[in-house]
Protein chains: 2
Amino acid sequence: MDDNSIIESRKLSQQYAYASLQMHEAIARKAGFSGTDHKYLGFLLQKGKLTAGDLAELSGLTTGAVTGLINRFEKKGLVKREYDESDRRKVLIVADYEKIVKILEPFYRQFREESEKLLATFSAGEIATIQSFLLKGISLMKATHNKFKE
Amino acid sequence: MDDNSIIESRKLSQQYAYASLQMHEAIARKAGFSGTDHKYLGFLLQKGKLTAGDLAELSGLTTGAVTGLINRFEKKGLVKREYDESDRRKVLIVADYEKIVKILEPFYRQFREESEKLLATFSAGEIATIQSFLLKGISLMKATHNKFKE
DNA sequence: TGGATATATCTTAGTTACTAAGATATCTTC
DNA sequence: GAAGATATCTTAGTAACTAAGATATATCCA
C-alpha cells in the first residue's frame with residue numbers, strides 16, 4: 001500500500017483517540033464527575049484494588065492530590081479505604097464496583113451495544129486484523145508513555 | 001466470529017483510547033504544558049483559526065475559562081488575538097502553527113515514525129479494514145458525544 | 001433612526017483541586 | 001532499639017475553574 005494511506009491511517013487513529021477523549025469527558029460531566037475524577041475511577045475499576053501510592057504513580061499526581069481524590073470518592077461512597085495487614089502504612093483503595101458501574105452503566109450501555117454491532121459487521125479475519133492493530137498500537141503508546149513519564 | 005472476540009475487541013479499543021490518553025498526557029507534561037492546555041492546543045492546531053466562543057463550545061469550558069486559556073497561550077507566544085472585521089465583538093484565536101509544532105514535534109517524531117512502520121506491516125486490504133473500523137468508531141463516538149454534551 | 005434586546009468576550013469573586021514541603025506513622029536494617 | 005526509609009496525610013500557597021454580572025458591539029423592529 002502507498003504512503004498516503006499509511007499517513008492517513010495514522011491521522012485517523014489520532015482522531016479516534018481524540019473522539020474517545022471527548023466522548024468520555026462528556027459522559028463524565030453528565031454522570032456528575034467534575035474534572036478528571038472519572039479518568040481515575042477508570043484505573044480503580046480496572047485494577048479493583050490499588051494502594052494510594054500506586055494510584056499516584058499511575059496517575060502522575062502527587063500523593064497529596066491522591067489523598068484528596070480518595071477523599072472525594074470515599075465521600076460519594078464509591079471506594080473504601082482499607083489498611084494493608086502486612087504493612088499498615090499502606091492504604092488500599094477498594095472500589096465499590098457495583099456502585100460505580102451502576103452510575104456509569106446507563107451512559108455507556110447504548111454506546112457499548114452499538115460498538116459491538118459495529119464490530120459484528122466485520123468478518124472473523126477482519127476482526128483479527130483490527131485486534132492486531134489495536135494491540136500493537138497499545139504497546140507502542142505504552143512504550144512512548146514510559147519513555148516520557150518522569 | 002463469536003461473541004467473545006467481539007467483546008474482547010471492544011475492550012481492546014477501550015484500552016487503545018486509554019493508552020493514547022496517558023501517552024499524550026505524559027508528553028504534554030514533558031513539553032511544559034500544565035494541566036489540560038495541551039488538549040486545547042490540539043483543537044487550535046486542527047482548526048487553525050477559531051473564535052473564543054467556538055473554543056468554549058468545543059472544549060466544554062465556560063467563556064471565562066477560555067479567556068484565561070487564551071491569555072496563557074498568548075503569554076507563551078503560541079497564539080494571537082485578532083478581532084473579526086465583520087463582527088468586532090468576536091475574538092479570533094490564531095495559532096502560531098510553526099511555533100507550536102516546533103515545541104511538540106521532538107516528542108512526537110519517533111512515535112509517528114513507529115506508528116507508520118507499524119501500519120506498513122499490514123497489507124493494503126488490511127489497512128482498508130483498519131481505516132473502516134476507525135472511521136466508523138469515530139462517527140459512533142462523535143454521535144455519543146453529541147448525545148450527552150449539554 | 002434609535003431603543004430594546006441579543007450576542008461575544010472579559011472581569012470579578014469564590015471554589016476546587018493541584019503542588020511542594022514537611023508531619024506522622026509504620027517498617028526495615030544493622 | 002536507634003537510624004533511616006517508606007507510605008500517606010496535612011498544610012500553605014497557587015492555578016484554573018465556574019457563575020454571575022459588566023462591557024462592547026450587533027441586530028431587530030416600531
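Letters A, B, ... mirror the listed sequences (proteins, then strands); counts begin at 1. Computation of the quantities below employed the complete heavy-atom set of this structure, encompassing side-chain atoms and omitting hydrogens, waters and symmetry-equivalent molecules.
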Could you name each residue pair satisfying salt bridge (charged side-chain N to carboxylate O under 4.0 Å, His left out) that touches residues 67-78 of chain B, not counting sequence neighbours?
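Those involving residues 67-78 of chain B are B/Asp37-B/Arg72, B/Glu74-B/Arg81.
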So which pairs with a foot in residues 6-27 of chain B pass salt bridge (charged side-chain N to carboxylate O under 4.0 Å, His left out), sequence neighbours left out?
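Sorted result for residues 6-27 of chain B: A/Lys39-B/Glu25, A/Glu116-B/Arg10.
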Pairing residues for [X] by the salt bridge (charged side-chain N to carboxylate O under 4.0 Å, His left out) criterion, not counting sequence neighbours:
X	result
B/Arg29	none
A/Glu105	A/Arg109, A/Arg112
B/Asp87	B/Arg89
A/Arg88	none

Please, which pairs that meet ring-ring contact (aromatic ring centres under 6.0 Å, His included) have at least one residue in residues 60-107 of chain B, sequence neighbours excluded?
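As it turns out, the ring-ring contact (aromatic ring centres under 6.0 Å, His included) pairs with a partner in residues 60-107 of chain B, which skip direct neighbours, are A/Phe148-B/Phe107.
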Taking side-chain contact (heavy atoms from CB on, under 4.5 Å) as the test, write out the residues that go with B/Ile103, two or more places apart.
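Checked B/Ile103 against side-chain contact (heavy atoms from CB on, under 4.5 Å); matches are B/Ala31, B/Phe33, B/Leu78.
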B/Ser20: partners by side-chain contact (heavy atoms from CB on, under 4.5 Å), with sequence neighbours left out:
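In terms of side-chain contact (heavy atoms from CB on, under 4.5 Å), with neighbours along the sequence ignored, B/Ser20 is linked to A/Ala17, A/Met141, B/His24.
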Check whether more than 12 heavy atoms from other residues, nucleotides or ligands sit under 6.0 Å from atom NZ of A/Lys136, and answer yes or no.
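Atom NZ in A/Lys136 is packed in, count exceeds 12.
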Return the value, rounded to whole Å, for the distance between atom CD1 of B/Ile70 and atom P of C/dT11.
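It is 11 Å, rounded to the nearest whole Å.
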What integer distance in Å separates A/Lys90:NZ from D/dC9:P?
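About 14 Å, once rounded to whole Å.
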Take nucleotides 23-30 of chain C nucleotide by nucleotide from the 5' end and write B, S or -, depending on whether a protein heavy atom sits under 4.0 Å from the base, only from the sugar-phosphate, or from neither.
--BBS---
Protein proximity profile, nucleotides 15-20 of chain C - base contact B, sugar-phosphate-only contact S, no contact -, cut-off 4.0 Å on heavy atoms:
--SSB-
Does anything in residues 41-59 of chain A reach DNA chain D, meaning a heavy atom under 4.0 Å, and if so which residues?
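Those residues are A/Thr51, A/Ala52, A/Gly53.
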